[in-house]
Protein chains: 2
Amino acid sequence: MFSPLRPSDTPIQTAAPFGFTGPCLRHARDEEVFGEGEAAEHVYQVISGAVRTLRTLRDGRRQIDEFHFAGDYFGIEAGDLHRVSAEAMTDTTVRMVRRAALSQLAAKQVDVARILFRLTVEGLQRSQDHVLMLGRKTARERVVGLLIDLVERTGADGELDIPMTRQDMADYLGLTIETVSRTLTQLQADGIIAIPTTRHIVLRDGAALRRLAN
Amino acid sequence: MFSPLRPSDTPIQTAAPFGFTGPCLRHARDEEVFGEGEAAEHVYQVISGAVRTLRTLRDGRRQIDEFHFAGDYFGIEAGDLHRVSAEAMTDTTVRMVRRAALSQLAAKQVDVARILFRLTVEGLQRSQDHVLMLGRKTARERVVGLLIDLVERTGADGELDIPMTRQDMADYLGLTIETVSRTLTQLQADGIIAIPTTRHIVLRDGAALRRLAN
DNA sequence: CGTGAGTTTGAAGGGAATCAAGACTAGTGG
DNA sequence: CCACTAGTCTTGATTCCCTTCAAACTCACG
C-alpha cells in the first residue's frame, strides 16, 4: 500500500490553529500517510476523515496504536524515524507541518511549545488508558470502552458512524475480529446498543454501557 | 526511558541535570509516593531505588504502567490530577520538582522545555511498546520482552537484580503471577536464563532471548 | 444479478486463568 | 543458632474465555 500522490492532490494552504501551517494532502482509503521506519520530517493533523496509526510484527500480527479524527495530531516522534505507520481509514485530508519549522516556532513562542507539550502528554495518557484496557480488561469491557471513547470523540447524540472495519477494532482492542463481532451482537441482544448497519451503531443505554466499561 | 542508568545505590544527588532542583524524599518499600486522583503539584525523579506507577480498577485488578529506575522521571501530567499512583518498589529516594517552577523554567529556557518534551515523547513511545506487547504478544514474548528491557536499562552484563515481585511483573505484563512463574521456569529449563535466586536472573543466551522477543 | 470483501455465526481447541497445595525465603524472636 | 512465621514463589489439576478453523451470510458495486 504505497501512496501515489496524484496530481489532483493540490496542496491547500489553510489557517491552522496556533499558527501551525502546512500543505494539506488527500489520501484515499487504506493509503499510507507514512510508514514505520521512515524519516519523521512532519507532524500531521487530520483535517477531515480518519487515520489509524499502527505497528506490525514480522509475522503479521498488527496492533493499532490509536485512531485519529478531525483535529487530532499524529506523527510526533522523539527520534528521527517514525515508529508507527499511519494509514487513512476513509478518504482523508491531512495537514503536514514541517517538524523543523514547528520546533523553531516552539522555541520562539512559549504558547506553541506549551500546546505541543499538552498534546503529547494527552497522547501519553490515552496510551496509558489503552495499556490498562489491554492488560486487565475483558473482551466485553474493551469493546464497550471503545464505543464510549468513540461516542465522546466523534459521536452525535449516541449515534456512531464508524469509519473502521471490525478488523481495525480487533487490532485496536487486542482481540480477533470474531470476538469483536460476537461481542457487538451480544450487546445488541442485551438491548444496550443497536446495529442498524455494520458501520452505524446506536448507543441505546449509555448508563448500562458505562457500567459495563469499568 | 532516557536515563543513563547507574546501579541503583549510586546517588546522583546534588547536581540535578538541566538545573531541575528540589528536595529529596526517602520512601520505604511499598510506600506510596503519590496516589491516583491526588493533585499533581510535582514532577519526580528517581535518585536511587525503583518506583512503579500503576492504575487500579474498582474490583482490584491492577495494571502497572511503568517501572522507573535511577534517573527516570515520573508524575508528569496534562491535567491537575495524577492519573496513576506511584509506589516505591524498594527503599527509594526521589527528588520532587515543583511543577509550577518547572513550567516557569521551561518558559525561560528553551533547552529545558525541549528536554521535558523529549522525556514525555519517550514515555509515550515506551507506552506504545507496552500496548503492542499487551495487545498482540504471547505470555512468553511478554516475559522475555520485560527481561530484555530490564537488562538494557539496569542490567550489568546480562545480570539482573530484580527489584519487583512476580506480582509486579504479572501486573506489568497483563498476566497472572502463576503464568509469569511458569514462563520463567520454562526459560530456565530451556537454558536461556538462570534463576539463582528469585530476585536475581542471569541472561545466559541473549541471542535466543532476542529471537523469542519478537 | 454476480462478485467479493467484509461480517456473522457455529464448533472445536488451546493458552492462560483459576483453584489448590506445597515449597521456599527472609525476617523474628526464643 | 535455629525453630517459627508470614509472605512470596512454584507447581499441579482443572476450567474457561477467547482463538482458531470453517462456513454461511450481507451488501455495496460493477
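Quick note on labels: first sequence line is chain A, next is B, and so on, each numbered from 1. Every value quoted in this text rests on a predicted model; they were computed, and no experiment measured them.
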Of the listed nucleotides C:dT7, D:dT20, C:dT18, the one nearest the side chain of A:T198: C:dT7
Side-chain ion pair, B:R62 and B:D168, N-O less than 4.0 Å: yes
Minimum-distance nucleotide (side-chain atoms of A:L175 versus D:dT20, D:dC18, C:dA16): D:dC18
d(CD, A:Q167; P, C:dG4) in whole Å: 21 Å
Distance in angstrom units between A:D171 CG and C:dG6 P, rounded: 13 Å
Length of the CE-P vector between A:M169 and C:dG6, whole Å: 15 Å
Beyond-backbone contact of B:R136 with A:D171, side-chain heavy atoms, under 4.5 angstrom: yes
DNA chain D: 5'-proximal contact among A:E178 and A:K137 (nearest heavy atom): A:K137
Aromatic ring pairing B:Y44/B:F74, orientation class (parallel under 30°, perpendicular over 60°, tilted between): parallel
Phosphate contact (C:dT7 OP1 or OP2) by A:R199 side-chain N/O below 4.0 Å: yes
Selected nucleotide, minimal atom distance to B:S181 side chain, candidates C:dT7, D:dT11, C:dA17: D:dT11
Integer-rounded Å distance: D:dG7 P and B:R29 CZ: 12 Å
Closest to the B:T138 side chain, choosing from C:dT18, D:dC9, C:dA16: C:dA16
Beyond-backbone contact of A:L150 with A:M164, side-chain heavy atoms, under 4.5 angstrom: yes
For atom CZ of A:R166 and atom P of D:dC18, their distance in whole Å: 18 Å
Atom-pair distance (CE on B:M133; P on C:dA16), nearest Å: 13 Å
Touch class at under 4.0 angstrom, heavy-atom based, for B:T176 against every strand present: base
Gap between atoms CD and P, on B:Q186 and D:dT10 respectively (whole Å): 13 Å
Proximity of A:H130 and A:Y172 rings by center, below 6.0 Å: yes
Residue-phosphate contact under 4.0 Å: A:T165 side-chain N/O, C:dG6 OP1/OP2: no
d(CD1, A:I177; P, D:dA23) in whole Å: 18 Å
Candidate nucleotides D:dC18, D:dA22, D:dT11, ranked by approach to the side chain of A:T179 - the nearest: D:dC18
Nucleotide of C:dA17, D:dG12, C:dT8 approaching B:R182 most closely (side-chain heavy atoms): D:dG12
Per A:T185 side chain, nearest of listed nucleotides D:dT11, C:dT8, D:dC9: C:dT8
